[in-house]
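Data first, discussion second: the structure below is written as structure tokens.
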Amino acid sequence: MRQVREPNSILSPSAAQQPIWPDPEALRAVVARLAEQPQLVSPRECDRLLDRLAAVARGEAFLLQGGDCAETFAATSPETIGRKVRLLRQMAEILAGSANLPVVTVGRIAGQYAKPRSSPTETRAGATLPSYRGDAVNGQAFTAEARTPDPRRLLQAYGTAADTLAELRKLDERTPSGELGLPSPRTSKSGLSGSEIFTGHEALLLPYEEALCRTDPLTGRRYGTSGHFLWIGERTRNLDGAHVQFASGIGNPIGVKLGPTANSDDVLALIDRLDPDRQPGRLVLITRMGAKKIRDMLPPLVEKVTAESAFVTWVCDPMHGNTFASPGGYKTRLLDDVLDEVTGFFEVHHELGTHPGGVHLELTGEAVTECVGGTPPVHVDDLGRRYETACDPRLNADQALELAAAVGNLARPR
Ligand code: PEP
Ligand code: CO
């Protein structure tokens with residue numbers, strides 16, 4: 001049995017990127033409340049996703065991950081969720097048709113409420129306050145009241161995730177068990193793409209994640225039940241850190257983001273810790289190197305992992321290595337850079353004979369102007385028109401569909 005973090009480790013000093021909660025007792029009370037709540041997703045659903053991801057690892061399916069950088073509690077109307085889900089389904093159809101492979105869809109949805117930050121504080125006009133860390137922690141407004149971490153927000157995160165999941169389940173095909181992730185009778189013309197959507201988010205706030213761990217009475221295995229797919233971010237993948245320890249103790253499929261500082265020793269050690277049984281589908285390595293670095297940095301990682309016969313799923317996040325500030329001060333990304341990184345990712349895998357398993361994207365179904373490019377084009381000067389993200393810039397629906405078509409072309413059988 002793998003090591004499991006004890007609930008009393010909730011304020012563990014080894015956990016990176018945790019808010020400074022001003023009232024630890026209030027946090028403990030919230031954690032106790034969360035521990036009594038029903039699971040949000042079931043171990044059975046997590047196992048089903050694991051099976052789907054095993055097919056991706058074998059090269060028999062493609063993974064599409066997408067959604068907001070930071071979901072907000074406000075943007076959870078059925079209409080907003082419906083537009084996001086429709087976009088993901090359209091993208092999955094396009095990809096499945098071109099790649100001639102089934103597409104597994106995992107939203108950054110129903111739990112993506114917490115953000116790691118490069119700086120713990122933000123300074124505006126001489127005033128310094130804690131950084132916004134996602135709706136699960138504090139508010140975006142630049143006031144001391146909004147920015148003070150409030151553990152009651154963790155309960156709100158749970159409730160919002162539950163509401164979002166209920167909406168997703170409504171949008172999913174009705175099944176006798178009413179569970180997400182069942183094979184859908186509604187398939188595309190190619191018969192390859194179902195409508196099932198799994199949920200995923202960065203497992204950042206360990207008190208929240210640990211409070212929602214449950215032991216499956218059927219198997220005795222422990223699962224994080226806050227979402228099906230949980231990933232470890234670029235800033236929290238330290239081998240000895242609390243996030244890796246947490247993930248090593250649960251049965252969910254796990255993702256790890258790998259930025260340009262990741263070396264092959266780090267990656268092999270992470271595989272040993274997180275996937276000691278080399279279980280296909282268990283571990284998804286999400287590279288986010290940047291368009292300029294992917295062709296140099298990815299090959300040694302893939303070669304080393306392949307040489308060790310580790311059976312992982314390789315996924316490309318072409319967003320987080322390509323962010324910059326526009327002259328107007330908007331954090332943005334060029335669709336061309338995003339496309340270039342995905343192209344490099346496919347080139348490397350085709351060259352090495354490994355499966356380019358999928359893409360991990362930040363997108364929204366809303367007609368926002370946060371990333372530059374596409375048709376109709378968003379120009380740098382347009383960014384202020386509808387810039388609404390709570391964190392990183394997202395592709396709008398037109399840009400996301402254009403990207404899906406391009407990825408579909410790259411994924412065509414060769
Ligand atoms: C994210 O996915 O929003 C994120 C913060 O990514 P990374 O950990 O790769 O920087
Ligand atoms: Co982001």
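Positions are given from 1 along the sequence. Read the numbers this way: they start at 1 and go in the same order the structure lists the ligands and their atoms.
- Using a cut-off of 4.0 Å between Lys/Arg side-chain N and Asp/Glu carboxylate O, E36 and R33 are scored as not salt-bridged.
- Salt bridge status for D266 with K304: absent, with no side-chain N to carboxylate O gap under 4.0 Å.
- Between R333 and E362 there is a salt bridge, with a side-chain nitrogen of the basic residue lying less than 4.0 Å from a carboxylate oxygen of the acidic one.
- In the vicinity of C69, heavy-atom distances shorter than 4.0 Å reach the ligand 1 atoms 3 (O).
- Among all non-hydrogen protein atoms, the one lying nearest atom 6 (O) of ligand 1 is K257 NZ, 2.8 Å.
- Residue contact check for ligand 1: E362 places a non-hydrogen atom closer than 4.0 Å to it.
- Protein N/O/S atoms found under 2.8 Å from the Co ion (ligand 2), listed by chain and residue number: C69 SG, H320 NE2, E362 OE2, D392 OD2.
- Contact check on D392 versus K115 returns no salt bridge, with no Lys/Arg side-chain nitrogen under 4.0 Å from an Asp/Glu carboxylate oxygen.
- Using cut-offs of 30° and 60° for the angle between ring planes, the F62 and H355 rings count as perpendicular.
- Residue contacts with ligand 1: H320 is placed with a nitrogen or oxygen under 3.5 Å of a nitrogen or oxygen of the ligand (distance criterion only).
- Ion pairing of E366 with R83 is present here, as a side-chain N (NZ or NE/NH1/NH2) and a carboxylate O approach within less than 4.0 Å.
- At a threshold of 4.0 Å, the pair R52-D47 does not count as salt-bridged, since none of the basic side-chain nitrogens sits closer than that to a carboxylate oxygen.
- Shown in contact with R108 at under 4.0 Å from a heavy atom are these atoms of ligand 1, numbered in order with element: 1 (C), 2 (O), 3 (O).
- In summary, the atoms of ligand 1 found under 4.0 Å from a heavy atom of R235, numbered by their order in the structure, are 5 (C), 10 (O).
- Ion pair D277/R282 not flagged as a salt bridge, since none of the NZ, NE, NH1 or NH2 atoms sits closer than 4.0 Å to an Asp/Glu carboxylate oxygen.
- With a 4.0 Å cut-off on non-hydrogen atoms, E234 touches ligand 1 through its backbone as well as its side chain.
- At least one heavy atom of K115 lies less than 4.0 angstrom from ligand 1.
- Interface atoms of ligand 1 facing G233, defined by a heavy-atom separation under 4.0 Å, are 8 (O).
- With respect to the salt-bridge test (charged N to carboxylate O, under 4.0 angstrom), the residues E196 and R48 do not qualify.
- Proximity of a side-chain donor or acceptor of D216 to a complementary backbone N or O of P43 within less than 3.5 Å is not detected.
- The shortest contact between atom 9 (O) of ligand 1 and any protein heavy atom is with R288 NE, 2.7 Å.
- When the side-chain contact (heavy atoms from CB on, under 4.5 Å) test is applied to E25, the partners found at least two apart in sequence or on another chain are D23, R28.
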